[in-house]
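Below is one structure, written out as structure tokens, with a few remarks after it.
For reference, positions follow the sequence shown, starting with 1. These numbers were taken from a predicted model, which means no experiment stands behind them.
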Amino acid sequence: MKRIFLGVLLFSGTAIFAQEKDSIVTTSVSTEILSVVKNDTIDTIVKKQADAPQKVQPIIALTSEDSSATKYQLSDYKNAANYDKAWLKQIKESASLFDTIYNKIATERIENIPVSFIDLPTDTLKARLARLNAKTPFNVEYNESLERVIKSYLSRNRGLMERMLTISQFYFPMFEQELDNFNMPLEMKYLAIVESALNPRAKSRVGATGLWQFMYGTGKEQNLEVNSYVDERSDPIKSTKAACEYLTRLYSIYNDWDLALAAYNSGPGNVNKAIRRSDGYTNYWNIRNHLPRETAGYVPAFLATMYIFEYAKEHGIYGEVVDRPYFETDTVHVKSMLTFDQISRFTSVSIEELEILNPSYKLNIIPFQEDRNHALRLPTSVMGKFVSNEDDIYVLAEEELKKVEKPLPKLVKAESQSRYRVRSGDYLGKIAEKFGVRVSEIKRWNGLRSNNLRVGQRLTIFSRNSKAIAAAKPEPKQKPIPPGAKTHTVQSGDSLWTIAQKYSGISVQNLKDWNGISGKNLKLGTKIMLCDCSTKKI
């Protein structure tokens with residue numbers, strides 16, 4: 001076979017590549033290069049090797065005289081690329097399933113679920129649940145409510161479960177590794193299906209975000225960064241570690257995984273209230289009717305999902321099995337700002353694939369901060385080429401960004417976040433103008449699908465208008481604590497109600513009056529006075 005030598009291509013005065021090629025699988029090659037090689041030679045080479053899964057070296061080709069339009073073509077293994085495309089299609093289509101699961105858990109009462117005819121005798125279900133109960137620390141015990149949920153999933157949600165079986169092959173290996181690191185039950189991986197339908201960019205109506213549906217405050221408490229560019233609640237690896245840490249802390253409170261799950265969904269305060277309202281019972285099924293509606297359906301949905309995954313074959317439910325269970329990827333910390341558009345042209349990885357591999361970047365821009373590392377995840381097939389040419393890529397990217405007509409959004413850190421309560425007469429345009437942001441940004445930050453607002457609705461705003469932030473988020477006026485006053489330091493899981501229960505003769509209203517507290521949220525580490533120091537001597 002003839003061998004083709006491509007000389008050094010120069011771009012912006014920099015030598016990019018000098019490669020000896022056995023085959024050429026690329027597009028947009030410049031006219032100058034094509035004139036050197038006869039078409040029949042290229043056709044012969046491509047025909048002989050098109051189906052062979054062999055390693056192909058990259059080439060960088062100039063597509064036009066305008067450097068900003070340059071495309072960089074890095075070839076890949078043909079079969080591997082096909083697997084990746086299949087995964088991209090599956091993951092993209094799964095994004096729409098979040099609303100289905102969310103609405104089912106949040107609004108549907110178990111008692112109102114119609115009884116469906118499913119070829120699943122009660123005795124068979126009892127035996128299977130007993131086997132599950134024996135191998136997991138969750139309380140997987142038979143009751144009529146759980147049977148209703150399982151049969152409902154089998155009759156009305158078979159398609160959804162099949163899709164989850166397919167997508168789980170992408171995420172479950174990573175979940176299991178992290179769960180094992182924390183010595184947690186591996187069945188906890190099913191929680192991500194209930195929480196987000198395995199969609200890392202899922203966002204609930206109240207702002208919970210990511211695979212594990214962290215609220216802003218809980219995410220920040222777990223050191224997950226949220227700013228105008230980045231939302232690490234959508235980072236699969238960082239959020240999974242944070243979820244493991246948080247669930248472990250909840251388990252240490254209750255020593256029961258069912259109650260830890262309930263507290264994960266509604267907060268420890270609601271679980272503690274349910275325990276007291278049920279005369280001190282601590283079994284989930286005994287306190288379920290005293291929990292918020294969503295939490296009442298939350299643990300049954302988790303247990304039903306676990307059952308269906310463990311007994312999918314017995315019910316004829318099969319996902320699409322692929323040859324490769326997950327992308328072969330690697331990460332690199334960026335040393336300068338990069339846009340997904342630039343990365344796509346430098347590496348030939350599509351923007352769609354970059355969005356799936358890097359879901360935590362909200363604007364398809366990876367920022368650079370001196371005090372915080374931001375990682376770019378790429379397929380391993382192109383990572384080596386990216387690292388080898390990293391310095392040149394940053395130079396070219398910087399040159400392109402200087403030519404951008406409009407300035408890129410200024411980085412706004414999580415500390416600049418404010419919560420705005422919608423008032424009568426408000427509309428998105430008015431609120432956007434007040435905070436110096438765009439309507440589209442407010443909709444994206446809050447997962448809004450329309451321009452409709454309701455009075456009392458709370459919106460998350462990342463504003464660069466410090467005066468507007470101050471007006472929307474006044475500093476709490478907590479009363480100063482006199483020397484020697486008896487206090488309680490707020491810990492994880494505390495609420496005003498749980499604190500009041502720990503100390504005899506103190507009510508929630510007492511704590512509010514004595515400390516100048518108007519709301520319900522307590523900041524970790526805050527000291528709460530346990531007496532009215534204005535009228536009592538210590």
Side-chain angles (χ1 to χ4, degrees), residues 94 97-169 171-172 175 185-198 213 256-262 264-266 283-320:
S94 73
L97 301 178
F98 167 67
D99 285 341
T100 301
I101 289 183
Y102 180 81
N103 292 331
K104 185 178 182 65
I105 295 173
T107 63
E108 194 170 49
R109 287 188 179 277
I110 293 177
E111 293 76 10
N112 297 335
I113 297 176
V115 178
S116 304
F117 175 76
I118 295 293
D119 187 17
L120 178 57
T122 299
D123 289 343
T124 301
L125 177 60
K126 287 181 177 180
R128 290 174 179 173
L129 292 177
R131 286 195 290 271
L132 279 179
N133 191 52
K135 73 173 189 175
T136 176
F138 295 99
N139 297 315
V140 192
E141 297 178 357
Y142 171 84
N143 59 66
E144 290 184 3
S145 295
L146 181 56
E147 182 175 16
R148 280 177 177 268
V149 177
I150 290 173
K151 289 187 174 181
S152 170
Y153 274 46
L154 288 172
S155 62
R156 296 192 291 163
N157 298 97
R158 290 181 66 89
L160 186 149
M161 288 295 106
E162 287 175 347
R163 297 283 293 282
M164 292 297 97
L165 278 166
T166 299
I167 304 303
S168 67
Q169 298 171 78
Y171 289 109
F172 276 12
F175 291 168
L186 297 186
E187 293 84 4
M188 191 66 78
K189 63 191 177 185
Y190 301 126
L191 182 62
I193 293 176
V194 177
E195 286 286 356
S196 64
L198 299 180
Q213 290 290 281
D256 180 282
W257 283 114
D258 290 1
L259 295 184
L261 286 177
Y264 186 88
N265 179 255
S266 65
N283 181 284
Y284 170 81
W285 292 97
N286 292 332
I287 71 170
R288 189 179 69 84
N289 290 333
H290 300 287
L291 290 167
R293 175 183 292 187
E294 180 179 338
T295 311
Y298 184 75
V299 174
F302 169 78
L303 296 176
T305 301
M306 181 194 304
Y307 169 83
I308 290 174
F309 265 70
E310 297 290 335
Y311 289 98
K313 291 181 180 179
E314 284 77 357
H315 292 286
I317 298 177
Y318 298 93
E320 181 179 334

* Salt bridge present between E144 and R148 (N-O < 4.0 angstrom) -> no
* Nearest atoms (heavy-atom pairs only) where D258 meets V299 -> O-CG2, 3.9 Å
* Point-to-point distance, once rounded to the nearest 0.5 Å, from CD1 of I150 to OG of S145 -> 11.0 Å
* Roughly how far, to the nearest 0.5 Å, is the CD1 atom of I193 from the CE atom of M306? -> 11.0 Å
* Asked: How many angstroms lie between atom CD1 of I317 and atom CZ of R158, to the nearest 0.5 angstrom?
  -> 4.5 Å
* **S155 (side chain) donor-acceptor with S152 (main chain) under 3.5 angstrom** => yes
* Does a donor on one side chain sit under 3.5 Å from an acceptor on the other, for Y190 and E310? -> yes
* S266 side chain to A262 main-chain N or O, any donor-acceptor pair under 3.5 Å? -> yes
* Asked: Do K189 and S168 come within less than 4.5 Å of each other through their side chains, counting heavy atoms only?
  -> no
* Asked: How many angstroms lie between atom CD1 of I308 and atom CD of E162, to the nearest 0.5 angstrom?
  -> 11.0 Å
* Quick one: pull up OG1 in T124 and CD in E314 and give me the separation to the nearest 0.5 Å. => 11.0 Å
* Side-chain contact test, heavy atoms from C-beta onward, threshold under 4.5 Å: evaluate it for Q213 versus Y264 and give yes or no. => no
* ring-ring contact (aromatic ring centres under 6.0 Å, His included) between F138 and Y284, intermediate numbers included -> CA-CA 11 Å; F138 295 99; Y284 170 81; over 10 Å; no
* For L125 and Y307, what are the C-alpha separation, side-chain angles and deciding distance, and is it a side chain to side chain contact (heavy atoms under 4.5 Å, CB included)? -> CA-CA 9 Å; L125 177 60; Y307 169 83; 3.7 Å; yes
* Residues in ring-ring contact (aromatic ring centres under 6.0 Å, His included) contact with H290, at least two apart in sequence or another chain -> none
* Asked: Between K126 and Y142, is NZ or CZ placed under 6.0 angstrom from the six-membered ring centre and within 45° of the ring axis?
  -> yes
* **Heavy-atom closest pair, residues D256 and L259** => OD1-N, 2.9 Å
* For H315 and Y153, what are the C-alpha separation, side-chain angles and deciding distance, and is it a ring-ring contact (aromatic ring centres under 6.0 Å, His included)? -> CA-CA 11 Å; H315 292 286; Y153 274 46; over 10 Å; no
* Asked: Going through the checks in order, is the side chain to side chain contact (heavy atoms under 4.5 Å, CB included) test met by L132 and E187?
  -> CA-CA 10 Å; L132 279 179; E187 293 84 4; over 6 Å; no
* Asked: Do E320 and L165 have side chains that get closer than 4.5 Å, going by heavy atoms?
  -> no
* **Distance-minimising heavy-atom pair for R131 and Y311** => NE-OH, 3.3 Å
* To do: Could you tell me the separation between the CG atom of L261 and the CD atom of E195, rounded to the nearest 0.5 Å?
  => 9.0 Å
* Check: T295 side chain, L291 main-chain N or O, donor-acceptor pair, under 3.5 Å -> no
* To do: Specify whether F175 and Y171 have parallel, tilted or perpendicular ring planes, treating 30° as the upper limit for parallel and 60° as the lower limit for perpendicular.
  => parallel
* **Any side-chain heavy-atom pair of F172 and I167 under 4.5 Å** => no
